[in-house]
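Following: one structure in structure tokens, then a few remarks.
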Amino acid sequence: RDTHRARQAQAADLDRQDGSRGMDGSTLAHLQGVQPASARASLALLLPQVGVEDPVDVPDPDFGDDEGFVTVLQLLERAVDRLVPQLAAG
């Protein structure tokens, strides 16, 4: 039985994290809306943070064909390859 469930970020999540990255503008807005004033988490959009200018938002592949999933996977792999060294550098 699968015990993992997706859910929206909550204020307590941001109190425990150093940072959180939104995949799109609406997710970032949600994070900003629930972040307590005392939270230390930095918030940003993933793609611009790692130098991807276009697209700014990770596209939702559910609204296209199978190729859309491949495109999103490639985009996220490229973004993570850039994000990991940033995180390692502190």
Side-chain angles (χ1 to χ4, degrees):
R1 180 181 160 182
D2 185 7
T3 59
H4 294 88
R5 300 275 183 244
R7 65 172 176 77
Q8 287 193 334
Q10 300 170 353
D13 298 324
L14 299 174
D15 271 337
R16 294 188 301 264
Q17 299 173 356
D18 293 327
S20 190
R21 302 298 167 255
M23 297 294 136
D24 59 37
S26 64
T27 303
L28 180 60
H30 171 75
L31 292 170
Q32 291 167 332
V34 300
Q35 184 178 35
S38 61
R40 62 183 181 170
S42 66
L43 304 177
L45 284 171
L46 173 65
L47 296 181
Q49 179 183 341
V50 297
V52 176
E53 300 295 327
D54 186 38
V56 172
D57 291 344
V58 175
D60 187 341
D62 283 337
F63 298 105
D65 58 15
D66 290 345
E67 186 61 30
F69 286 92
V70 173
T71 300
V72 168
L73 177 61
Q74 291 170 341
L75 183 62
L76 290 175
E77 286 175 337
R78 189 173 79 195
V80 169
D81 285 345
R82 294 178 181 186
L83 180 63
V84 170
Q86 288 180 10
L87 296 175

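Residue numbers start at 1 and run along the sequence shown.
- Taking all atoms of both residues into account, the shortest heavy-atom contact from A79 to L46 is CB-CD2, 4.0 Å.
- In this structure, the side chain of D57 engages the main chain of G25 through a donor-acceptor pair within 3.5 Å.
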Please assess S42 against R21 for the test side-chain contact (heavy atoms from CB on, under 4.5 Å), listing each intermediate value before the final yes or no. CA-CA 8 Å; S42 66; R21 302 298 167 255; 3.1 Å; yes
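- There is no path of hydrophobic side-chain contacts, each under 4.5 Å, that joins L75 to L45.
- A heavy-atom distance below 4.5 Å is found between the side chains of S38 and D15.
- By the criterion of side-chain heavy atoms lying less than 4.5 angstrom apart, applied directly or through intervening Ile, Leu, Val, Met, Phe, Trp or Tyr residues, V52 is grouped together with L87 in one hydrophobic cluster.
- D62 CG: more than 12 foreign heavy atoms inside a 6.0 Å radius.
- Looking at Q35, its side chain does come within 3.5 Å of a backbone N or O of A41 through a donor-acceptor pair.
- Listed here is the closest heavy atom pair of E53 and V56: O-CG2, 3.6 Å.
- Looking at every heavy atom in both residues, V72 comes nearest to P59 through CG2-O, 3.4 Å.
- Annotation: side chain of L31 is not in contact with side chain of D13 (no heavy-atom distance under 4.5 Å).
- Atom CZ in R78 sits 12.5 Å away from atom CG in L73 (nearest 0.5 Å).
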Go through the steps to decide whether L76 and M23 satisfy the test side-chain contact (heavy atoms from CB on, under 4.5 Å), and finish with yes or no. CA-CA 10 Å; L76 290 175; M23 297 294 136; 4.0 Å; yes
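- Side-chain contact between D60 and D24 is absent, with no heavy atoms from C-beta onward closer than 4.5 Å.
- Remark: the backbone N or O of H30 is not paired with any side-chain donor or acceptor of Q8 at under 3.5 angstrom.
- In this structure, V50 is not a member of the same hydrophobic cluster as L43, with clusters built from ILVMFWY side-chain heavy atoms closer than 4.5 Å.
- Q10 and V34 make their closest contact through C-CG2, 4.2 Å (heavy atoms, listed as atom of the first residue, atom of the second, distance).
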